[in-house]
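Inspection log for the structure reproduced underneath, given as structure tokens.
A, B, ... follow the sequence lines: proteins, then strands. Residue 1 opens every chain.
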Protein chains: 2
Amino acid sequence: MLTQSEENYLKAIYSLSEDQKEAISTNLLAEKMSTKPSSVTDMVKKLSVKKLISYQKYQGCELTVVGKKRAIQIIRKHRLWEVFLVNNLNFGWDEVHEIAEQLEHIHSSKLTDHLEEYLGFPKVDPHGDPIPNKNGVFEKINKSIALSDVDTAVKGIVVGVEDGSSGFFQFLKRYEIGLGTEIKVVEKFNFDLSVLVLIDGKEISFSSVVANKIFIQIK
Amino acid sequence: MLTQSEENYLKAIYSLSEDQKEAISTNLLAEKMSTKPSSVTDMVKKLSVKKLISYQKYQGCELTVVGKKRAIQIIRKHRLWEVFLVNNLNFGWDEVHEIAEQLEHIHSSKLTDHLEEYLGFPKVDPHGDPIPNKNGVFEKINKSIALSDVDTAVKGIVVGVEDGSSGFFQFLKRYEIGLGTEIKVVEKFNFDLSVLVLIDGKEISFSSVVANKIFIQIK
DNA sequence: ATTATTTTTTAGGCATGTCTAAAAATAGTG
DNA sequence: CACTATTTTTAGACATGCCTAAAAAATAAT
Ligand SMILES: [Mn+2]
Ligand SMILES: [Mn+2]
Ligand SMILES: [Mn+2]
Ligand SMILES: [Mn+2]
């Protein structure tokens, strides 16, 4: 049985591995976990002994096949609970992440599977992220593109946002942006990487920080 | 924010306080928590500093008003989740306790309240135990009586069972006993405190252990 | 190739929650 | 009222997960 901390490390390593093929460095993982590199070293040693990651001193770490499966199961639980909170308990999509961070650590595969069935085997969570099935399989249908990478004059609909701070969700709510919102890129400014977009007839300027976190699907 | 361990101690103290008016002794609490008296001493000191219990060396402990409220909120969550698991996720009443032991520690009063509403403000959990409302108020309608205390020839229907091991639930399932089952006490044996009962036309002998855990309502 | 910088690990410490063994306090008995 | 038995607390230890400060290794720069 893994501790919550161990599970959170596995999730973090998995998440970072999606962005890069190479091993995850101690410092990068420390950053992600909001902790100190020395703490990370302690933990990767432990996870390595448990064969959940491969780790060589000074060489960073990578999930083993078993470790990756564990990570995906935790993500599965996280996203299923988020669906439940939004669809059934009337939470906003901006309120569920923190609670799901707790619920993802409940140990009962039967619970997870029954919940999935109860929810009608959803394919994506409220933020547009795919939900792995019982066997850890999920489609990376996310051929979405960050607003910052969209060409001028191109439009699309929001299919995902990066799991971020509650401040970011507040921001989205303020501008009435959610899954399905249509956004058109009007102009891009190189000097500060900001993006001028058109939403529901209104022009809005997004900073590069925001433009990097909103993902749209074109056509 | 309380740790899971602290919350479990509060629950245990509350539970023991229902059976006795006096302060809860260190040994009794250790027994209930399946831990050692020395560990209990450590914890009661901590809870005392936090003003959740009153505690004087060698004199046992009692919940403060604040501590009692906390305990009741945890019980509220436990029972609401049990209702959800049985009513919505198709779990059997004998399978939900362990999972609820985990779910009761999720910190979000909004979640609890939304769940309660979603479930339709249930008054009792799947084991017949009352569910406190948002303000910690609940009716002790449990004028039920343990089988061991029922007089000979008296009959009633099962309205509750003591939260016990999964072995106990297996036992109940084997004899097809659930909420609503009619049981008649045929004879009581003083030499071993066993009870001979009649269920659905069949005579069964219950040990005193079992007779103490099944609660029926008469007439 | 040597020095400087950055990254990573080690060493030692702290808080939580548990344990065993021993000491202290309380309760029970004649 | 002493003496014993039980209960409870203390002392010291261990595992987990985190920290700071210092040492060691790897990487970059001169
Ligand atoms: Mn999330
Ligand atoms: Mn988490
Ligand atoms: Mn229960
Ligand atoms: Mn619990």
Fill in: Pairs flagged by side chain to side chain donor-acceptor pair (under 3.5 Å) wherever residues 104-117 of chain B is involved - sequence neighbours left out
E95(A)-K110(B), E7(B)-H105(B), N8(B)-H105(B), K11(B)-E104(B), R76(B)-D113(B), R76(B)-E116(B), H78(B)-E104(B), D113(B)-K134(B)
Worksheet item: So, R79(A) side chain and D129(A) main chain: donor-acceptor pair closer than 3.5 Å or not?
Response: no
Worksheet item: Could K213(A) and F168(A) be counted as a cation-pi pair, given that NZ or CZ must be under 6.0 Å from the ring centre and within 45° of the axis?
Response: yes
Worksheet item: For residues 1-29 of chain B, which residues have at least one heavy atom under 4.0 Å from DNA chain C?
Response: T3(B), S5(B), Y9(B)
Worksheet entry | Heavy-atom check, side chain of N88(B) versus side chain of Y118(B), under 4.5 Å | yes
Worksheet, complete the sentence: Between NZ of K45(A) and P of dC18(D) the distance, given in whole Å, is 15 Å
Worksheet entry | Listed once per pair and sorted, the salt bridge (Lys or Arg N to Asp or Glu O under 4.0 Å) pairs that draw on residues 14-38 of chain A, sequence neighbours left out | none
Worksheet, complete the sentence: Here the salt bridge (Lys or Arg N to Asp or Glu O under 4.0 Å) pairs for residues 55-64 of chain B, sequence neighbours left out, are none
Could you go through nucleotides 19-24 of chain D and list every protein N or O atom that sits under 3.5 Å from one of its N or O atoms, giving the distance for each pair?
from	atom 1	to	atom 2	distance (Å)
dC19(D)	OP2	T35(A)	OG1	2.5
dC19(D)	OP2	K36(A)	N	3.1
dC19(D)	OP2	S39(A)	OG	2.6
dT20(D)	O4	S38(A)	OG	2.9

Fill in: Residues in side-chain hydrogen bond (donor to acceptor under 3.5 Å, both in side chains) contact with T3(B), at least two apart in sequence or another chain
E6(B)
Worksheet item: Side-chain N or O of K57(B) less than 4.0 angstrom from OP1 or OP2 on dT10(D)?
Response: yes
Discussion item. Assess, by modelled atom type and distance only, whether the side chains of S25(B) and N27(B) contain a donor and an acceptor separated by less than 3.5 Å.
Written reply: no
